[in-house]
Amino acid sequence: MDNIFQGLNDKQIEAVRAIEGPVLVISGPGSGKTRCLTHRVAYLISQGIRPCEILGITFTNKAANEIKERVYNLLKIENRNLKIASATPMLGTFHSICLRILRREIPVLGYGSNFTIFDSDDQTGVVKRVMGDLEIDPKKFNPRAILAKISRLKTNLIFPEKFEPDDFFSKVVARVYGKYQTELKKMNGLDFDDLIVLTVKIFKQNPDILEKYQNVWKYILVDEYQDTSHDQYQLVTLLAQKHKNLFVIGDDAQSIYMFRDADIKNILNFQKDYPDAKVIFLEQNYRSTKNILAAAQNVISNNQSQVPKELWTENDHGEKILIREALNERDEAGFIIETMEDLTTQGYKINDFAILYRTHAQSRAIEEALITRGFPYQIVGGIKFYERREIKDMLAYLKVVSNPSDVVSFERIYNLPPRGIGSSTFQKIVKTEETNLISAVAALAAEMKGSRQGPGLEELAKLLKDLNSKKSVKLTELIKYIVRKTNYEDYLLNTFKKSGVADTVQDRIENIKELLTVAKKHDSLKNGDGIAIFLEEIALLQDADPTPISSADRHSEKGRGWYGAGNLKNINNRVVLMTAHSSKGLEFPIVFIAGMEEGLFPHSRSLIDPKELEEERRLCYVAITRAKKKLHISYAKYRHIFGSTEANLPSRFIGEMPGNVLDVRTSMSNFYTDDDEKIIKY
DNA sequence: CTGTCGTTTATTTTT
DNA sequence: TAAACGACAG
């Protein structure tokens, strides 16, 4: 028992012990938020609450896994006899928890329990097809914009029948939205939003079902509450309604996903929702030096709307923050690497460094410099493993096998590799499917019987039939079979041999091997269960990572490759590069923030709207507070952007840091080249 | 149906 | 800059 409170400060202990009733914890960066959460779960269990009565909700799988692991560690210390397997708390993401509920309850909405999850590419595919059917010109109305609006409506629980469009664009959206939703349902597919929204819908329409879950989860914890959207807020509210043992933790100052519909009001209004809520502030920072913390506070104090709080730390003042003006992005990269080399001789290790930037595009110049200098690095984020073409191709085949109604996946594979089937034939198949209410695969078979067809169609039908009959073989065998039967490697060779710019064919084959490694876990499952579970896992695990490759490895290959979204556990002896967004929740001894320019950070698109500007400032706050020991901020006077060179002023955020933590150096390093000289003369 | 060529358009993104 | 998409000729 004593162990549970060991190493916690008074406020943290208060938060851990407040078992009954609603609790709001505002936790500043580096104030031990995860610690607080995990100790609370352990404490609940030590007080005799059954683990299965506890529901912990996070936003990322990473966070969920970390909490899980740490809770188990604590519990082992607390109670060696606890049989964890027999009773574990439910810890997961919003999406994974809803998925579980839906697998059981979704039939009340008329969907089948074996629904598949559509990722954003799939969604765009559906929207485009719907727009085609409705004869809406995709040039006049950007499908992605329409999809974004649909997603926004869904998140706010505005269903197609309830949506009252007021302007011209909304009227178009309304038409697409309704049909989009019907199409999804016809394919027995749910998009990411549906996972949450439909769960809420079921709960609202079926009080008995809701009550069942209310009685299961009597103690609810929500992490990163400032990032919840309206539907997530509704879900939490409904579940907590009966027992009101709701513990939410977050930091309004770190809300950076407003653009994705996170609603900061959820955390700001918590006390209005629950007037008897206990409110606890975690203001002691254990992470950063006084200088770093002061800079962060000064920047964020320029925001109008925020919960007032006073962060403090017992840590040293540390060194002053270094601000560096570079000539251009190459010079900036040179400065970063020069500094890192310098710090390495002072005993810092390569994995002590993180380079943060506002946009992915900025990684390029830095990567090039890192490669030249032989610095191993890893980019976190970017294109995700499961969004890669070759992976999506394989998954599309599996999806068609698993759900023959999945027209979107069928669309991807019907002519892949090219087998002489064109879009008109595809359209015909879809028509047959729609009029006869049969699956795409069945429609294909019907199409065959019709008029004389090319050999391609027959080949495809045979392939799908083959695959279907192999449903119950080991998953890895099935994938290998697909690769073999489609001559996929030849296809890759034919398609990519000339473009040296994209991933090499070898890379892509490696990626498929990586996929096989992941699939292997499910080999033991029988009767095609492996496919469904595998696809589900992938749908909810968008950030999975192939084996990281160092820049040294990469150096030997030509062209730009792509280096996997990050599983930070795998990072050793690498500098990590990532966007400020991806850095949330992480910490590093040395942090570089590159591209601190007006128009880039804050981003030009945010300058018109004060709300968006405040979000940029919070993002800057997040970036600054990642640093433990040293922070380096740089900006470039000139930057190549979309092909042309632009001159930018230093970011206003730099001006918002007080003079006493700054140490500005403006001398140019010796990294600029002839090209740069030309720019100087300009 | 397929490949090529010009046009267009560029944030951030836990799932 | 470069990648993604649509138009069009073969």
Side-chain angles (χ1 to χ4, degrees), chain A residues 57-64 92-99 117-120 123-124 128 137-139 142-144 148 151 155 190-196 223-224 226-229 231-232 254-262 356-362 364-365 380-384 386-387 389 414-415 417-426 454 456-457 494-495 498-499 501-502 536-544 560 565-566 578-586 595 599-607 612 615-616 618-620 622-623 639-645:
Chain A
I57 313 176
T58 62
F59 277 84
T60 63
N61 293 299
K62 205 165 79 186
T93 63
F94 271 103
H95 296 265
S96 69
I97 289 161
C98 287
L99 176 67
I117 301 168
F118 280 46
D119 67 17
S120 48
Q123 291 183 62
T124 320
K128 280 185 182 158
D137 186 0
K139 267 194 207 142
N142 182 255
R144 277 168 59 203
S151 172
T155 307
L190 308 199
D191 62 21
F192 283 129
D193 295 322
D194 284 335
L195 290 174
I196 317 280
D223 190 17
E224 306 278 19
Q226 78 283 352
D227 286 335
T228 46
S229 50
D231 52 344
Q232 291 163 337
Q254 293 182 69
S255 158
I256 53 174
Y257 286 105
M258 205 174 73
F259 76 94
R260 264 197 59 138
D261 258 346
L356 311 183
Y357 37 75
R358 178 67 241 270
T359 65
H360 284 303
Q362 288 168 257
R364 224 196 137 144
V380 177
I383 304 168
K384 288 159 189 131
Y386 293 113
E387 283 172 7
R389 180 166 176 169
Y414 74 81
N415 196 33
R419 42 173 88 88
I421 307 172
S423 67
S424 57
T425 312
F426 170 70
L457 210 55
N494 290 332
T495 318
K498 47 201 158 170
S499 64
V501 194
E536 186 168 289
E537 181 184 286
I538 285 168
L540 293 181
L541 210 117
Q542 291 286 308
D543 63 345
R560 271 171 65 82
M578 67 185 100
T579 63
H581 280 92
S582 311
S583 75
K584 193 164 86 161
L586 306 175
L600 189 59
F601 201 175
H603 198 273
S604 53
R605 308 261 293 229
S606 71
L607 297 178
E612 286 184 40
E615 176 142 312
E616 294 286 306
R618 291 193 293 269
L619 183 59
C620 180
V622 167
R639 184 175 293 274
H640 280 283
I641 196 150
F642 302 143
S644 59
T645 305

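Excluded from the calculations below are hydrogen atoms, water molecules and symmetry mates; all remaining heavy atoms, backbone and side chain alike, are included. We name chains A, B, ... by the order of the sequence lines, and we start the count at 1 in each one.
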Expressed in angstrom and rounded to an integer, what is the separation of [X] atom [atom1] from [N] atom [atom2]?
X	N	atom1	atom2	result
A:Asp231	B:dT15	CG	C1'	11 Å
A:Arg389	C:dA4	CZ	C1'	11 Å
A:Lys62	B:dT13	NZ	P	13 Å
A:Leu195	B:dT15	CG	P	13 Å
A:Gln362	C:dT1	CD	P	18 Å
A:Ile538	B:dT15	CD1	P	14 Å
A:Arg364	C:dA3	CZ	C1'	12 Å
A:Met578	B:dT13	CE	P	11 Å

Using modelled atom types and a 3.5 Å cut-off, is there a donor and acceptor pairing between side-chain atoms of [X] and backbone atoms of [Y]?
X	Y	value
A:Asn415	A:Ile421	yes
A:Arg358	A:Leu600	no
A:Glu616	A:Ser606	no

Report, one pair per line, the protein and nucleotides 10-12 of chain B atoms (nitrogen or oxygen only) whose separation is under 3.5 Å.
unit_1 : atom_1 : unit_2   : atom_2 : d
B:dT11 : O4'    : A:His603 : NE2    : 3.4
B:dT12 : OP1    : A:His360 : N      : 3.2
B:dT12 : O4'    : A:Arg358 : NH2    : 2.9
B:dT12 : N1     : A:Arg358 : NH2    : 3.4
B:dT12 : O2     : A:Arg358 : NH2    : 2.5

Worksheet item: Should A:Phe59 and A:Thr228 count as side-chain neighbours, where that means a heavy-atom distance under 4.5 Å?
Response: yes

Worksheet item: Side-chain contact, heavy-atom cut-off 4.5 Å: A:Thr579 with A:His360?
Response: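 Result yes, sub-4.5 Å side-chain heavy-atom pair found.
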
Within the structure shown, what part of the strands sits under 4.0 Å from [X] by heavy-atom distance: base, sugar-phosphate, or nothing?
X	answer
A:Asn415	sugar-phosphate
A:Ser423	sugar-phosphate
A:Ile117	nothing
A:Ser96	nothing

Worksheet item: If every non-hydrogen atom of A:Phe94 is compared with every non-hydrogen atom of A:Ile196, which pair is closest and at what distance?
Response: CB-CD1, 3.7 Å

Worksheet item: Within less than 4.0 Å of OP1 or OP2 of B:dT8, is there a side-chain N or O belonging to A:Asn142?
Response: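 Answer is no, no contact under 4.0 Å.
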
Shorter than 3.5 Å, N or O on both sides, protein versus nucleotides 5-7 of chain B: list them out with atom names.
none

Worksheet item: A:Ser96: what forms a side-chain contact (heavy atoms from CB on, under 4.5 Å) with it, not counting sequence neighbours?
Response: A:Thr93, A:Leu540

Worksheet item: In terms of ring plane angle, is the pair A:His581 and A:Tyr257 parallel, tilted or perpendicular, where the classes change at 30° and 60°?
Response: tilted

Item to complete: Answer with yes or no whether the side chains of A:Ser120 and A:Gln123 bring together a donor and an acceptor at under 3.5 Å.
Response: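 Side-chain D/A pair, A:Gln123 to A:Ser120: absent.
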
Item to complete: State the syn/anti category of B:dT12 according to its glycosidic angle, syn meaning within 90° of 0.
Response: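 What B:dT12 shows is an anti base, its glycosidic angle lying more than 90° from 0.
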
